[in-house]
Amino acid sequence: MMRAWVWLALGLQLGCGGGGVGPRDLDGDGHPAELDCDDTNPTRWLSVVGYADTDGDGHGEAGQPVTCVGDTTKGWAQTASDCAPGDASRWRSVSGLYPDVDGDGATEAGPVTGCVGNTLAGYQERPGPPDCDDRDATVLAPVQAWADTDGDGVGAGAAIMWCPGQGRTPPNGYVLTSGDCAPGDTRLWQRLSFTHRDEDGDGFVVAQPGTLCSGEHLPTGYGTESGPADCDDHDAKRTAMVERWLDPDGDSYGGGAPVLRCAAPGEHVPGETILSGDCAPGDGTRWQILSYASRDGDGDGYLSPATGQVCSGFWLPQGYSQAVRSDDCDDGNVALFRAWSVYADADGDGVGAGAATSICGTATVPAGYGAQSTDCAPQDSSMWRMLGFTYRDADGDTYTVAQSGELCAGAALPAGYATQPLSGEDCDDTNATTFRNVTAWADTDGDGVGAGASTVLCTHGQVPSPWSATGTDCDAQDATRWQDLSASHADQDGDGFTAPIPAQTFCTGKALPAPYFSKAVGNDCDDADAARYRWTYLYRDQDADGVGATPRQMTCLGPAVLAGWSLYGDDTDDNDAAVQTDEAAEEELSLILDL
């Protein structure tokens, strides 16, 4: 670009002087400036009448003229007929169409002139049903909506027409449901029928059909199902006709013929009651006959089986029970009441043995007896029950072996017996110093790594010498070698740089032997020569001025550049050590810039 600018400046200077100069061609495209519509751009030279074609459909845009092009110029056309310059699918105007943007067959008002391409997409040649929203194919005709002033979801009043669609909601304050019977009350919107009324809210109803402006459901006190009849629907306490009896002793139980009254369950009329059957009309503490199945004959507070009936109050009197009770083994002696089936306890540990003995006594176990007969050592108070064990520690090292059995014990199993593993499984329960099996390999060369077949040793937890916990020794007779290491690089000439080699495996110690490496160190181009280890591009320097000339050559060398070669390749005369640049070209450019 700078060279073109320089030539342009030179052309302007020379042009000011007049004749004697041949045809100018500043951009070097082969077309004289007089015939080149843009002599600063070699890609454009031909004057045309055209128009920009930004969408590439072959039709230009009238407001975007193109006047200068070349053989490779794109994005223009000779016609300016494109009605949609930014849309390659549309370029021609067709009249007499009817818009159908969403393609649902319903159209907007027409006819109109439409911009289309190969097809009439977005238009119809004939009018279709009116479309209230030509951007939504799911919508054709408008629907009615009603004002919802109280926001309860049901509107009222005159309807408006509204065009629905996906994701749309009616205008603010309008809904699609009409018939609100209370437009100013958000709680009420529909008339519901009822057949029964419960004015006093006591759950008892009277038949009373009608309708009511309601919400989702009828309000409390109105219903469509019958219920228990209410004898007084103005008083929630009075619901049903009840029977009353005279109660002269005031114990809430009466006698004689009943009287029907509409009264509340808790409504009290002096001298009357809702309960009948008083078995003691003159005694306010007794009014009903109750049966009993047990009684306390000796008054010691403990009952024995006995049946009968007694005139009582709410409950049986003290000393009677409706349940069969056998609390008293001697209902004729106030000092004895509890029957015991006990066993002789000779050692006093609270657990007996032998045959059962029946004794009528007090609330505690009789002295010298036990309530259980499971004493496994009747003469030893420290042992009284059989306990099972599943593990045994015979040598006392807290490591166990599986061994099931049962023995006579006290509160817990004695030492050496357990129901679960202790520290672990014992490989030798006869020796407290050995308790854990370990897998070991023979380490014949003493390098800490074994070899050969493994064996299992019963130890104190550690592998003893001369054994090892690993068995991967690749040379069992050499203590300096015990592991296989892979090498994929080597430094054969010892210059500190490696070259790739086929992968090899060595039996060695901590590291690979010289000259092998597992990872690359540099990239030695000649691993047989320590003086050469890197690849570099060099240029032949025949005049030894430090700058060479092309072509370049990839060379294997060491720290210094080889004699007769250079890292640089821009020498304009490689046969003259005094010349490295094109002085004529430099002088010509300097003169041009000084004009």
*Asks:* List in chain and number order the residues that pass side-chain hydrogen bond (donor to acceptor under 3.5 Å, both in side chains) with T211, two or more places apart in sequence or in another chain; answer none if no residue qualifies.
*Replies:* R191

*Asks:* Only counting residues at least two apart or in another chain, list the ones meeting ring-ring contact (aromatic ring centres under 6.0 Å, His included) with Y369.
*Replies:* none

*Asks:* Sequence neighbours left out, what pairs pass ring-ring contact (aromatic ring centres under 6.0 Å, His included) with at least one residue falling in residues 167-217?
*Replies:* F194-Y222

*Asks:* Tell me whether D347 contacts the main-chain N or O of D380 through its side chain, where contact means a donor paired with an acceptor under 3.5 Å.
*Replies:* yes

*Asks:* For residues 107-163, which residue pairs pass the ring-ring contact (aromatic ring centres under 6.0 Å, His included) check, not counting sequence neighbours?
*Replies:* none

*Asks:* Quick test of your reading: applying ring-ring contact (aromatic ring centres under 6.0 Å, His included), list the pairs with at least one residue in residues 264-287, sequence neighbours left out, ordered by first then second residue.
*Replies:* Y253-W287, W287-F314

*Asks:* Return the CZ to CD distance between R261 and E272, rounded to the nearest 0.5 Å.
*Replies:* 4.0 Å

*Asks:* Test: ring-ring contact (aromatic ring centres under 6.0 Å, His included). Region: residues 83-109. Which pairs qualify, not counting sequence neighbours?
*Replies:* H59-W91

*Asks:* If I take atom CD from residue Q288 and atom CG from residue L275, how far apart are they, to the nearest 0.5 angstrom?
*Replies:* 9.0 Å

*Asks:* Is any side-chain heavy atom of L422 closer than 4.5 Å to one of Y391?
*Replies:* no

*Asks:* Who pairs with D327 by salt bridge (Lys or Arg N to Asp or Glu O under 4.0 Å), at least two apart in sequence or on another chain?
*Replies:* R325

*Asks:* If you define the side chain from C-beta out and look only at heavy atoms, does anything of P219 sit under 4.5 Å from S214?
*Replies:* yes

*Asks:* Got Y417 and L387 here, is their nearest side-chain heavy-atom distance under 4.5 Å?
*Replies:* no

*Asks:* In Å and rounded to the nearest 0.5 Å, what is the CZ to CG distance from F435 to D429?
*Replies:* 12.0 Å

*Asks:* With sequence neighbours left out, write down each residue that passes side-chain hydrogen bond (donor to acceptor under 3.5 Å, both in side chains) with T398, or none if nothing qualifies.
*Replies:* S423

*Asks:* Got a sec, which pairs hit side chain to side chain donor-acceptor pair (under 3.5 Å) with one end in residues 298-309, sequence neighbours left out?
*Replies:* S291-Q309, S304-D331

*Asks:* Return the CZ to CD1 distance between R244 and I274, rounded to the nearest 0.5 Å.
*Replies:* 6.5 Å

*Asks:* How far does CD of Q124 sit from CG of L97, to the nearest 0.5 angstrom?
*Replies:* 9.5 Å

*Asks:* I need the minimum non-hydrogen distance between A323 and S294, along with the two atoms involved.
*Replies:* O-OG, 2.7 Å

*Asks:* Which residues pass the salt bridge (Lys or Arg N to Asp or Glu O under 4.0 Å) test with E61, not counting sequence neighbours?
*Replies:* none

*Asks:* Do S312 and R286 come close enough that some side-chain heavy atom pair is under 4.5 Å?
*Replies:* no

*Asks:* For N437, give me all partners under side-chain hydrogen bond (donor to acceptor under 3.5 Å, both in side chains), at least two apart in sequence or on another chain.
*Replies:* none

*Asks:* Would you mind reporting whether T239 and P228 have side-chain heavy atoms less than 4.5 Å apart?
*Replies:* no

*Asks:* Would you say L218 and T224 make side-chain contact, with heavy atoms under 4.5 Å?
*Replies:* yes

*Asks:* How about L407 and L413: do any of their side-chain heavy atoms sit closer than 4.5 Å?
*Replies:* yes

*Asks:* Please list, one pair per line, the donor and acceptor atoms closer than 3.5 Å that link side chains of residues 106-122 to other protein atoms, with sequence neighbours excluded.
*Replies:*
residue: T107; atom: OG1; partner: G128; partner atom: N; Å: 3.0
residue: T119; atom: OG1; partner: A121; partner atom: N; Å: 3.4

*Asks:* Rounded to the nearest 0.5 Å, how far does CG of N333 lie from CG of D328?
*Replies:* 8.5 Å

